[in-house]
Amino acid sequence: MQVNMDIPYNKPYLSGNELTYMKDALERGHISGNGYYTKLCHGFFTERYGFFKCLLTSSCTDALEMAAILLEIEPGDEVIMPAYTFVSTANAFALRGAEIVFCDSRADHPGMDESLIEGLVTKRTKAIVPVHYAGVACDMEAIMRIAEKHGLYVVEDAAQAVDSFFCDQPLGSIGHLGCFSFHETKNIISGEGGMLVINDEKLQARAEVIWEKGTNRSAFFRGEIDKYGWVDIGSSFLPSDITAAFLYAQLEQLDDIQARRREHWQKYFDSLISISGEFAFALPYIPTYATNNAHIFYIVTNSLGQRDKVIQLLSKHGIRAVFHYQSLNHSGYYLQNHPQQSMPNSERYTDCLLRLPLYYELPDDVPMLIAEYISQELGD
Ligand SMILES: *Cc1c(COP(=O)(O)O)cnc(C)c1O
């Protein structure tokens with residue numbers, strides 16, 4: 001039995017040209033935002049995925065905050081989103097004073113249960129924020145239909161969903177706005193980083209202003225106006241061009257990165273499928289309308305106790321498996337002014353979802369070893 005493995009749950013991958021491009025950015029003499037590499041990244045995304053307008057940000061959290069400002073979310077407005085998500089999805093809208101309305105997850109997938117959304121819509125609902133958990137699409141056809149019927153905005157939290165699709169539509173391109181993350185735990189990284197995608201032409205001009213501290217500086221640099229000034233609220237949402245240079249090196253290797261992650265994902269699936277019945281845990285489900293960008297490989301154990309056992313037995317072998325979101329309807333902040341609400345599926349994922357290590361340089365035999373360790377030791 002190997003005892004000296006050290007397998008973290010994530011390891012940032014350098015694809016090759018990161019340092020070269022960062023050095024080049026320095027030599028170009030412009031390292032603040034909206035420089036040479038920022039424009040290359042914007043161009044990459046608009047060409048490859050047909051996004052209407054892209055703005056790199058310092059994080060997906062920033063992109064979500066920009067979205068909330070852009071949609072003029074105000075106190076009293078209601079925003080519907082899954083309870084099983086990262087805090088930033090909710091925080092960005094709470095910062096504008098919105099009332100966060102949580103929706104339970106699907107039984108077969110941690111994404112929000114689309115059939116529950118319409119029941120949550122009121123006269124005050126302003127937006128729906130689907131989260132494409134693990135890069136697997138929510139049913140965007142159903143969500144866009146509800147949004148259109150009730151005149152709501154849709155902001156896709158596509159933090160995990162780079163290079164993933166709903167049918168043949170790239171995620172992030174379907175809602176009015178899409179928000180991506182390039183945090184070091186995602187597929188494509190720049191340390192901290194993110195992007196706001198604007199798909200509604202009417203939101204474009206104001207998005208640029210909010211991005212540039214509430215000024216019309218972008219229009220000034222395009223030569224459209226002869227001086228720039230304070231025209232709206234905004235903040236400094238731009239990443240430096242050094243960050244963009246790092247990101248561009250990753251984007252050049254996107255196909256290779258995705259292919260490698262998919263190989264690991266498939267090995268996990270193939271190794272674990274034969275024992276999932278015996279130990280009664282579930283494997284990820286990918287609806288037919290969704291692609292798999294191999295952002296996360298997870299299992300859903302049959303109890304909190306079983307998850308603890310798996311974490312412990314893998315840890316003995318030097319393998320770090322982690323759980324994450326605590327259903328936000330039970331968070332201390334939300335409970336300060338909301339009653340307890342039950343969200344059975346979200347709570348089940350809180351207790352039972354376990355992420356297995358998945359990163360480019362994961363040794364090839366880890367999925368098989370994990371299956372063996374579980375098979376041999378979980379019953380003990
Ligand atoms: C990672 C993540 C975020 C936050 O991204 P940052 O770039 O770290 O701000 C938001 N939502 C979801 C669903 C995420 O997975």
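Both counts, for ligands and for their atoms, begin at 1 and track the order of listing.
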For [X] and [Y], I'd like to know if the aromatic rings sit close, meaning centre-to-centre distance below 6.0 Å.
X: W265; Y: F297; value: yes
X: F180; Y: F51; value: yes
X: F102; Y: Y334; value: yes

Quick one: sort the Y325 and Y133 rings into parallel, tilted or perpendicular, breaks at 30° and 60°.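 Geometry flag for Y133 against Y325: perpendicular rings.
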So Y349 and Y84, would you call those rings parallel, tilted or perpendicular, with 30° and 60° as cut-offs?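 Because their plane-to-plane angle lies in the 30° to 60° range, the rings of Y349 and Y84 count as tilted.
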Is it true that atom NZ of K213 has more than 12 heavy atoms of other residues, nucleotides or ligands lying nearer than 6.0 Å?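 Buried by this count: over 12 neighbours within 6.0 Å.
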Which atom pairs, nitrogen or oxygen on both sides, join ligand 1 and the protein at under 3.5 angstrom?
unit_1	atom_1	unit_2	atom_2	d
ligand 1	5 (O)	S181	OG	3.3
ligand 1	7 (O)	C60	N	2.8
ligand 1	7 (O)	S181	OG	2.7
ligand 1	9 (O)	C60	N	3.3
ligand 1	9 (O)	T61	N	2.8
ligand 1	9 (O)	T61	OG1	2.5
ligand 1	11 (N)	D157	OD1	3.4
ligand 1	11 (N)	D157	OD2	2.8
ligand 1	15 (O)	Q160	NE2	2.8
ligand 1	15 (O)	K186	NZ	3.2
ligand 1	15 (O)	Y325	OH	3.3

